[in-house]
Amino acid sequence: MQGLILQISRIGFLILLWLFVYATIRALRNDLSVAGGRPVNLRARSFSSRARTKPARGSARYLVVTAGALANTRISLGDQPLLLGRADDSTLVLTDDYASERHARLSRRGDDWYVEDLGSTNGTYLDRAKVTTAVRVPTNSPIRIGKTVIELRP
């Protein structure tokens, strides 16, 4: 009888130990997911005023993050394309587990801006429509990359 109680105690202890390990790993994972698995990088680079030209009347002048870890981040737009993704050399470094390293590109063509998906895993969406080719982005239209939502603003 004592052998049975000892075995049950051992199994119970092992189960409790594994539950503790599981809870610890889950808590660490949740804490790290806030930062996308790495330190939060709030770097949002804009181009120098020399590289910018005055945008046409009514065209977008700013890129604004409206939802996600970088909410309320604003980048001044110039003529240079903007690379969006988790890569450190991106114009807007996204701290989002659902974003690819090089997820999407925003580029200017005349007075209009176009978004283009760069072969990302989870896709890029413009107003709930999946972007498969370069698509013109109207101002104030949401572009969703994972949990991050951005808009072009005048």
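All values below come from the heavy atoms of this structure, side chains included, with hydrogens, waters and symmetry mates left out.
At least one side-chain heavy atom of Leu106 sits under 4.5 Å from a side-chain heavy atom of Leu63. A heavy-atom distance below 4.5 Å is found between the side chains of Ser9 and Ile5. For the pair Leu84/Val115, no side-chain contact is recorded, criterion being any heavy-atom separation below 4.5 Å from C-beta on. Between Asp117 and Thr132, the closest side-chain pair of non-hydrogen atoms is not below 4.5 Å. Two residues are said to be in side-chain contact when any heavy atoms from C-beta on lie closer than 4.5 Å; Pro81 and Arg105 meet this criterion. Annotation: side chain of Val135 is not in contact with side chain of Val137 (no heavy-atom distance under 4.5 Å).
Of the inter-residue distances, the one linking Tyr114 atom OH with Thr133 atom OG1 reads 10.0 Å to the nearest 0.5 angstrom. Of the inter-residue distances, the one linking Arg144 atom CZ with Lys130 atom NZ reads 10.0 Å to the nearest 0.5 angstrom. Considering CD1 of Ile145 and OG1 of Thr124, their distance stands at 5.0 Å, rounded to 0.5 Å. Rounded to the nearest 0.5 Å, atoms CG (Leu70) and CG (Leu92) are 6.0 Å apart.
A donor-acceptor pair is defined here as one N or O able to donate and one able to accept, closer than 3.5 Å; such a pair exists between the side chain of Arg86 and the backbone of Ala99. Distance alone, capped at 3.5 Å, is enough to place a donor-acceptor pair between the Asp96 side chain and the Thr148 backbone. Formation of a donor-acceptor pair under 3.5 Å by the Thr66 side chain with backbone atoms of Val149 is found in this model. With hydrogens and angles ignored, the 3.5 Å screen pairs no side-chain donor or acceptor of Arg74 with any backbone N or O of Ser76. The backbone N or O of Thr121 sits less than 3.5 Å from a side-chain atom of Ser100, completing a donor-acceptor pair.
Within 6.0 Å of atom OH in Tyr98, 12 or fewer heavy atoms from other residues, nucleotides or ligands are found, so the atom counts as exposed in its surroundings.
A salt bridge is defined here as a Lys NZ or Arg NE, NH1 or NH2 lying under 4.0 Å from an Asp or Glu carboxylate O, and Lys147 with Asp97 fails to meet this definition.
Cluster annotation: Trp18 and Ile25 are assigned to the same hydrophobic cluster (Ile/Leu/Val/Met/Phe/Trp/Tyr, side-chain heavy-atom contacts under 4.5 Å, transitive). Hydrophobic cluster membership differs between Leu94 and Tyr125, with clusters built from Ile, Leu, Val, Met, Phe, Trp and Tyr side chains linked at under 4.5 angstrom. With hydrophobic clusters built from ILVMFWY side chains whose heavy atoms lie under 4.5 angstrom apart, Leu83 does not share a cluster with Leu152. Grouping the Ile, Leu, Val, Met, Phe, Trp and Tyr side chains by contacts below 4.5 angstrom, directly or via other members, places Leu19 with Ile11.
Contact record, Trp113 with Leu77: CZ2-CB, 3.7 Å, taken as the closest heavy-atom pair. In terms of heavy-atom proximity, Gly123 sits nearest to His103 at O-NE2, 2.9 Å. The nearest pair of heavy atoms linking Arg109 to Ala134 is NH2-CB, 3.5 Å. Taking each heavy atom of Val93 and Ala87 in turn, the nearest pair found is CG2-O, 3.6 Å.
A cation-pi geometry, defined here as NZ or CZ lying under 6.0 Å from the six-membered ring centre and within 45° of its normal, does not hold between Arg153 and Tyr62.
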- Message: Would Arg102 and Asp89 count as a salt bridge (charged side-chain N to carboxylate O under 4.0 Å, His left out) here? Give the steps.
- Response: CA-CA 9 Å; Arg102 288 180 172 51; Asp89 62 342; 2.7 Å; yes
